[in-house]
Amino acid sequence: PPADPVLDVEALRESLLGAAPAMAEGLAERGHYCTGPNFLPAPAVEVMRGQAVALRSLGRYVPSWSERIGTDGTAVRFEKEGVHACEPDGEDYGTAPDLVTYMAVLLGTLPPALNGQPATAGAALSAAAFNAKLAVTSPGGSSYPLHVDNPQGLGAGDVRKLTCILYLNPNYRDGDGGELRLHLDGGD
């Protein structure tokens, strides 16, 4: 039988709800991104990292790819060298109950919490269309190139509006690599 998650679901839900006003203000103020508090205690992050490793040992990761829009307006697929990804689902609950639970709580809590804030009330976020992904990069030369999470945009039916990132890197130090870089309108 699968192990019960160690993640405190109610504490996570309360943390997300408590952070939603500041997140909404950050998104409205910057227009593109916000950074928030760590919603999870270190032991929960360690457990989820172990579960991500377990999924990898089961062969659940495949070479990762993304899309960009070509000059003719069509999507062009490109590989992310040295990057492997897994899209966990309910079938992975037995191996990764905390990862699956975390994603379910995040999806069930954050969109309505942000929709309920004055600063993001018009965003109309929904958990109906989502893509949960784990990504791992190989050391020494991996490349996670510049890309857009919904390259064809809302007009083409790609309704994703929000990306949430949680790093499962223990003992991370500046200079280790893998930093998120955002290329904002206006060249910032």
Side-chain angles (χ1 to χ4, degrees), residues 1-7 12 32-33 38-40 42-111 125-172 175-183:
D4 289 332
V6 299
L7 190 62
L12 173 59
H32 296 285
Y33 71 96
N38 187 351
F39 300 118
L40 300 168
V45 173
E46 288 176 30
V47 166
M48 290 196 306
R49 179 183 172 85
Q51 292 172 3
V53 169
L55 289 172
R56 190 160 188 208
S57 71
L58 293 173
R60 286 284 286 121
Y61 288 75
V62 297
S64 187
W65 57 274
S66 194
E67 292 179 336
R68 62 178 166 76
I69 302 303
T71 56
D72 63 354
T74 61
V76 178
R77 179 179 164 146
F78 62 91
E79 303 299 319
K80 295 177 181 172
E81 185 180 328
V83 180
H84 289 76
C86 168
E87 296 183 13
D89 57 33
E91 296 291 319
D92 295 312
Y93 186 84
T95 304
D98 292 277
L99 282 168
V100 172
T101 299
Y102 171 76
M103 289 183 276
V105 171
L106 188 69
L107 287 166
T109 305
L110 197 53
L125 298 174
S126 169
F130 68 91
N131 179 1
K133 183 189 295 188
L134 297 171
V136 63
T137 56
S138 303
S142 297
S143 175
Y144 210 102
L146 176 64
H147 69 282
V148 175
D149 283 353
N150 61 343
Q152 296 186 43
L154 300 175
D158 190 340
V159 296
R160 291 176 290 169
K161 296 179 182 179
L162 183 66
T163 297
C164 298
I165 299 172
L166 170 67
Y167 291 97
L168 299 175
N169 304 21
N171 307 316
Y172 179 84
D176 284 350
E179 296 90 349
L180 174 65
R181 292 185 187 152
L182 301 173
H183 294 258

Next item on the list: Taking the side chain as every heavy atom from C-beta outward, state whether L55 and L99 have any atom pair closer than 4.5 Å.
Entry: yes

Notebook entry, point to check: Can you tell me how far CG of L166 sits from CE of M103, rounded to the nearest 0.5 angstrom?
Noted result: 10.0 Å

Item checked: Sidechain-backbone polar pair: Y102 side chain, V45 backbone, donor-acceptor under 3.5 Å -> no

Checklist line | All side chain to side chain contact (heavy atoms under 4.5 Å, CB included) counterparts of A85, not counting sequence neighbours | finding: S64, K133

Notebook entry, point to check: Could you give the distance from CG (N169) to OG1 (T137), rounded to the nearest 0.5 Å?
Noted result: 8.0 Å

Next item on the list: Using the side-chain contact (heavy atoms from CB on, under 4.5 Å) rule, take W65 and V83 through it: C-alpha gap first, then chi angles, then the decisive distance, then the call.
Entry: CA-CA 8 Å; W65 57 274; V83 180; over 6 Å; no

Next item on the list: State which residues pass side chain to side chain contact (heavy atoms under 4.5 Å, CB included) with V47; sequence neighbours excluded, sorted by chain then number.
Entry: V6, Q51, D98

Next item on the list: Can you measure from CG (L106) to SG (C164) and round to the nearest 0.5 angstrom?
Entry: 4.5 Å

Next item on the list: Rounded to the nearest 0.5 Å, what's the gap from CZ on R60 to CG on D89? Could you check?
Entry: 5.5 Å

Checklist line | Interatomic spacing from CG in D92 to CG in L58 - rounded to 0.5 Å | finding: 8.5 Å

Next item on the list: Please report the C-alpha distance between T101 and L12 in whole Å, then the side-chain angles of each, then the deciding distance to 0.1 Å, and finally whether the side-chain contact (heavy atoms from CB on, under 4.5 Å) criterion is met.
Entry: CA-CA 10 Å; T101 299; L12 173 59; over 6 Å; no

Next item on the list: Name all residues meeting the side chain to side chain donor-acceptor pair (under 3.5 Å) criterion together with R49; count only those two or more places apart in sequence or in a different chain, and write none if there are none.
Entry: none

